[in-house]
S.K.: 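Could you have a look at this structure, given as structure tokens, before my questions?
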Amino acid sequence: MLIPWIVLVTHQQSGIYLPTNMVVQFGDKTVPYLPSFSGRYGRIKAQTIFRSNRFLWRNEAYGDRLSNTSVRGLGTFGYCVPLSRWTFSWHDENDPCKDPLVISSTAPKYDFWQAETLSWFVRSRRTLSLLDSFSISPTCGLRRDLSKAVDLDISIDGNLCREGECSANACICPDSNLGRRCQWKKDEICSTLEVDENYGKLPARRELASVYELLKSEIDETVLIYDHPVYVGNTTFHEGFDVILYTGLRWTMVSSTDGFTAKNL
């Protein structure tokens, strides 16, 4: 009995039973900028294990800086032991117990899989409001398959990938598809959008571009923001141009001269 127990504890400490990443979608009814934190979150080792247990999930926007504690402000999920709740923070992301913006209902056990079924609340001033349109789930795969996928790095059945395979809780897309769940077929993404003025002009203080082209990288790859394509206006003004992009919940149009931040999206 001792050996199975040691194996179980070792796997728990290594996070083998936890998803390597998860997809989060926030609503914007209570806090308008909250959807800008939507996206995929990757698992990292926690800095303080006694208050947060051993793992955090940090926004994929950190890229290679996931575990860099000096870079902050993009969002992190963790479990606060004293509160017995899962939390989301973007001010102090290394301590899930310190001034979280979003908290779950009581979760007595450190079990990530409860997160999908719990109620979640957002702090607004001094009150807690039920979070609308919130979802949190593994990128792909079923709960019972995750340890097998992480341990052996093999594909599993019942995954959430639109195309390709699910391996180690990540979608491996064929060359014809892209997106975190391979949901975009490259040859089916609209290359051009045009404003139809039969339905009226877009409300703005100045003339806006009427035609928008799909934004691609220097190596001709489609650029995705919040896992959606980006479109750039075909006319310029004051050294800037109009951009249509997804903000985590809604589509919006912004000026390139404003920068793309949570405040002006």
Side-chain angles (χ1 to χ4, degrees), residues 21 23-42 58-66 71-75 90 101 132-135 139 161-164 171 173-265:
N21 54 74
V23 176
V24 175
Q25 177 64 64
F26 285 108
D28 63 355
K29 184 177 180 180
T30 305
V31 180
Y33 64 79
L34 203 52
S36 65
F37 294 106
S38 299
R40 183 164 56 189
Y41 284 70
R58 189 156 288 178
N59 197 310
E60 67 176 345
Y62 281 104
D64 296 334
R65 304 170 297 174
L66 277 175
V71 181
R72 301 178 181 178
L74 298 179
W90 67 281
L101 177 61
D132 68 302
S133 305
F134 176 75
S135 65
T139 299
C161 306
R162 301 290 178 85
E163 298 287 344
C171 293
C173 302
D175 292 339
S176 59
N177 291 67
L178 72 161
R180 68 172 62 100
R181 283 175 171 157
C182 310
Q183 70 272 29
W184 298 105
K185 286 188 176 293
K186 294 180 181 180
D187 59 357
E188 293 182 1
I189 298 177
C190 292
S191 60
T192 305
L193 300 180
E194 186 170 352
V195 177
D196 187 350
E197 294 188 354
N198 290 326
Y199 294 92
K201 290 188 175 182
L202 295 172
R205 296 180 180 179
R206 59 169 176 79
E207 194 70 20
L208 301 173
S210 58
V211 178
Y212 296 81
E213 303 290 341
L214 180 66
L215 180 63
K216 292 196 172 185
S217 68
E218 296 179 351
I219 58 174
D220 201 37
E221 290 288 342
T222 299
V223 175
L224 300 181
I225 292 182
Y226 290 106
D227 215 33
H228 286 68
V230 180
Y231 293 87
V232 179
N234 63 345
T235 57
T236 60
F237 63 94
H238 301 300
E239 300 181 353
F241 45 87
D242 298 319
V243 180
I244 296 177
L245 50 77
Y246 193 70
T247 63
L249 184 66
R250 306 176 189 274
W251 289 90
T252 189
M253 180 183 292
V254 297
S255 164
S256 63
T257 58
D258 294 336
F260 308 142
T261 66
K263 291 185 178 180
N264 59 36
L265 290 179

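In this text, all values refer to a predicted model and were calculated from it rather than measured experimentally.
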S.K.: Which atoms form the tightest heavy-atom contact between A209 and G233, and what is the distance?
M.R.: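 The pair with the smallest heavy-atom distance is CB-CA, 3.8 Å.
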
S.K.: Spell out, with a plain yes or no, whether C173 and C182 have SG atoms under 2.5 Å apart.
M.R.: yes

S.K.: Among T192, V243, I244, N234, find the one that has a side-chain contact (heavy atoms from CB on, under 4.5 Å) with Y212.
M.R.: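 Testing Y212 for a side-chain contact (heavy atoms from CB on, under 4.5 Å) against T192, V243, I244, N234 leaves exactly one candidate, I244.
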
S.K.: Between E221 (side chain only) and I219 (backbone N and O only), is there a donor and an acceptor less than 3.5 Å apart?
M.R.: no

S.K.: Would you check if the side chain of Y246 reaches a backbone N or O of D227 as a donor-acceptor pair within less than 3.5 Å?
M.R.: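 Checked: no pair found.
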
S.K.: Can you find a heavy atom in the side chain of V232 that is under 4.5 Å from one in the side chain of E213?
M.R.: no

S.K.: Within the structure provided, determine whether E60 and N21 are in side-chain contact (heavy-atom separation under 4.5 Å).
M.R.: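 The answer is no; the side chains never approach within 4.5 Å.
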
S.K.: Do T235 and E207 touch side chain to side chain, with heavy atoms closer than 4.5 Å?
M.R.: no

S.K.: Can you find a pair of side-chain heavy atoms, one from V24 and one from F134, that are under 4.5 Å apart?
M.R.: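 SC-SC contact between V24 and F134 confirmed.
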
S.K.: Kindly indicate whether the side chain of F26, heavy atoms from C-beta on, has any atom under 4.5 Å from the side chain of L249.
M.R.: no

S.K.: Any sub-3.5 Å donor-acceptor pair from E194's side-chain atoms to S210's backbone N or O?
M.R.: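 It does not hold such a pair.
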
S.K.: Output the distance between atom OG (S191) and atom NZ (K216), rounded to the nearest 0.5 Å.
M.R.: 8.0 Å

S.K.: So for atom CG, which belongs to D175, do other residues, nucleotides or ligands contribute more than 12 heavy atoms lying within a distance under 6.0 Å?
M.R.: no

S.K.: Of the non-hydrogen atoms in V223 and S217, which two are nearest, and what is the gap between them?
M.R.: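 Between these two residues, the closest heavy atoms are CG2-N, 3.8 Å.
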
S.K.: State, yes or no, whether a side-chain contact exists between L245 and T252 at a heavy-atom distance under 4.5 Å.
M.R.: yes

S.K.: Are the side chain of N59 and the backbone of L74 linked by a donor-acceptor contact shorter than 3.5 Å?
M.R.: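 Yes: the side chain of N59 pairs with the backbone of L74.
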
S.K.: Does any part of the side chain of K185, heavy atoms only, come nearer than 4.5 Å to the side chain of R162, both counted from C-beta?
M.R.: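 Answer no - side chains too far apart.
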
S.K.: Which pair of non-hydrogen atoms, one from V31 and one from P35, has the smallest distance, and what is that distance?
M.R.: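 That closest heavy-atom pairing would be O-CD, 4.0 Å.
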
S.K.: Do L214 and Y231 come close enough that some side-chain heavy atom pair is under 4.5 Å?
M.R.: yes

S.K.: How many angstroms lie between atom CD of E163 and atom CD of Q183, to the nearest 0.5 angstrom?
M.R.: 10.5 Å

S.K.: With L178, which residues qualify under side chain to side chain contact (heavy atoms under 4.5 Å, CB included), at least two apart?
M.R.: W184, K186, I189, T222, L224

